Amino acid sequence: MTYPSVIAHRGMSSLAPENTMAAFVKCIDYGVSSFEFDVDVIADGSVIVIHDNRLDRTTDGKGGYYNLQFKDIRKLDAGNWFSPTYKFERIPELVSVVELLNSTGLEANLEIKPSKAGFELRNALVDGIVASLAKLENPDSILVSSFDMDLLTSLKARAPQYRRACLFEPSIAPIMEQVDEWIKQASKVEAVAIHPCYYGLTEEAIHAMTEAGFQVNVWTVNDLERAAQLGSWGAHSVITDRAQDFPQEARSARPISNR
Ligand code: G3P
Ligand code: MG
């Protein structure tokens, strides 16, 4: 069986707490070249690495974070919920991830969450991303994705050099109708890739996206047979919680910089 290349979802999230430096560094231990992570913004404009728009599930904090300063965020434990081994793991700032990419040669898919912050903070989110990515030594080592086309459009206007990908989740509408719409939206933001959720995807759907010139990276695929099927249909990579299960060749393929 041959597999598409893999991107570790929220880092090596089945082995370490998601979206922490520990989960990202673990990629090195397993020879995984690429990881995905999520970012949002807080009151002082800091860009933080977190999936949910509340602190409860992945930290010892409670509630939302749009009213917090980075000094408050740094007090939170983001690892103990996963295992006491990771007690004291912190919510990272985006700039720490950029420094990790620079120092290790890892590459990453930065997902901008469809932030529920107000207008000014959403602008601060894009400003913060642009300021942090300016420290990146190799702009090709990052692919910026989002479900939020307004945020991607804003990033394109501010920093067109960072390649973009559009995230989509299939609905119950006929898949080819959805794919036509995805291609339109991805063309509008001049994305290089489309990131669809795996369910409902067909060979015809993947062909249509690749023939339109887009790389197709599918999430969140933890089943190896399904991954192989998607790869045989033309998917470039899968975003997975279980990168460690894939053969070494799929783990080290660098799907973000090797397009
Ligand atoms: O970027 C792929 C995937 O992470 C999108 O969904 O909710 O896991 O961020 P979510
Ligand atoms: Mg994500």
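Every number for a ligand or one of its atoms is a count from 1 in the order of the listing. Quick caveat, the model's predicted, so the values are computed rather than measured. All residue numbers in this chain count up from 1 along the given sequence.
For E36, the N/O/S atom at the shortest distance from the Mg ion (ligand 2) is named OE2. As for E111, its N/O/S atom nearest the Mg ion (ligand 2) is the one called OE1. The N, O or S atom of D38 with the smallest distance to the Mg ion (ligand 2) is OD1.
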| task | Please report the C-alpha distance between K113 and E111 in whole Å, then the side-chain angles of each, then the deciding distance to 0.1 Å, and finally whether the salt bridge (Lys or Arg N to Asp or Glu O under 4.0 Å) criterion is met. | result | CA-CA 6 Å; K113 295 318 292 178; E111 180 188 344; 2.9 Å; yes

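Here the protein heavy atom with the shortest distance to atom 6 (O) of ligand 1 is W219 CZ3, 3.7 Å. Scanning all protein heavy atoms for the shortest distance to atom 1 (O) of ligand 1 gives E36 OE2, 2.8 Å. Shortest contact from atom 7 (O) of ligand 1 to any protein heavy atom: H51 NE2, 2.6 Å. E111 OE1, 3.4 Å is the protein heavy atom nearest to atom 5 (C) of ligand 1.
Looking at ligand 1, you won't find any N or O of N109 less than 3.5 Å from one of its N or O atoms.
Checking Q215 against N217 by side-chain atom types alone, a donor-acceptor pair falls below 3.5 Å.
Heavy atoms of T220 come nearer than 4.0 angstrom to ligand 1 in no pair at all. Using a non-hydrogen distance threshold of 4.0 Å, K113 registers as a contact of ligand 1. Using a 4.0 Å cutoff on heavy atoms, H195 does not count as a contact of ligand 1.
Among R163, R164, H195, the one residue that satisfies the side-chain contact (heavy atoms from CB on, under 4.5 Å) test with S145 is H195. Partner of L110 under the side-chain contact (heavy atoms from CB on, under 4.5 Å) criterion, chosen from V47, L94, L143: L94.
Using cut-offs of 30° and 60° on the angle between ring planes, the pair W219 and F147 is perpendicular. A perpendicular orientation is assigned to the rings of Y3 and F246, their planes being inclined by more than 60° (bins at 30° and 60°).
Which parts of ligand 1 touch R10 is read off a 4.0 Å heavy-atom cut-off, strictly below it: atoms 7 (O), 8 (O), 10 (P).
Note that the CD1 atom of I142 and the CG atom of L136 stand 6.0 Å from one another [nearest 0.5 Å].
Proximity of L55 to I91: side-chain heavy atoms (C-beta onward) are separated by under 4.5 Å at one or more points.
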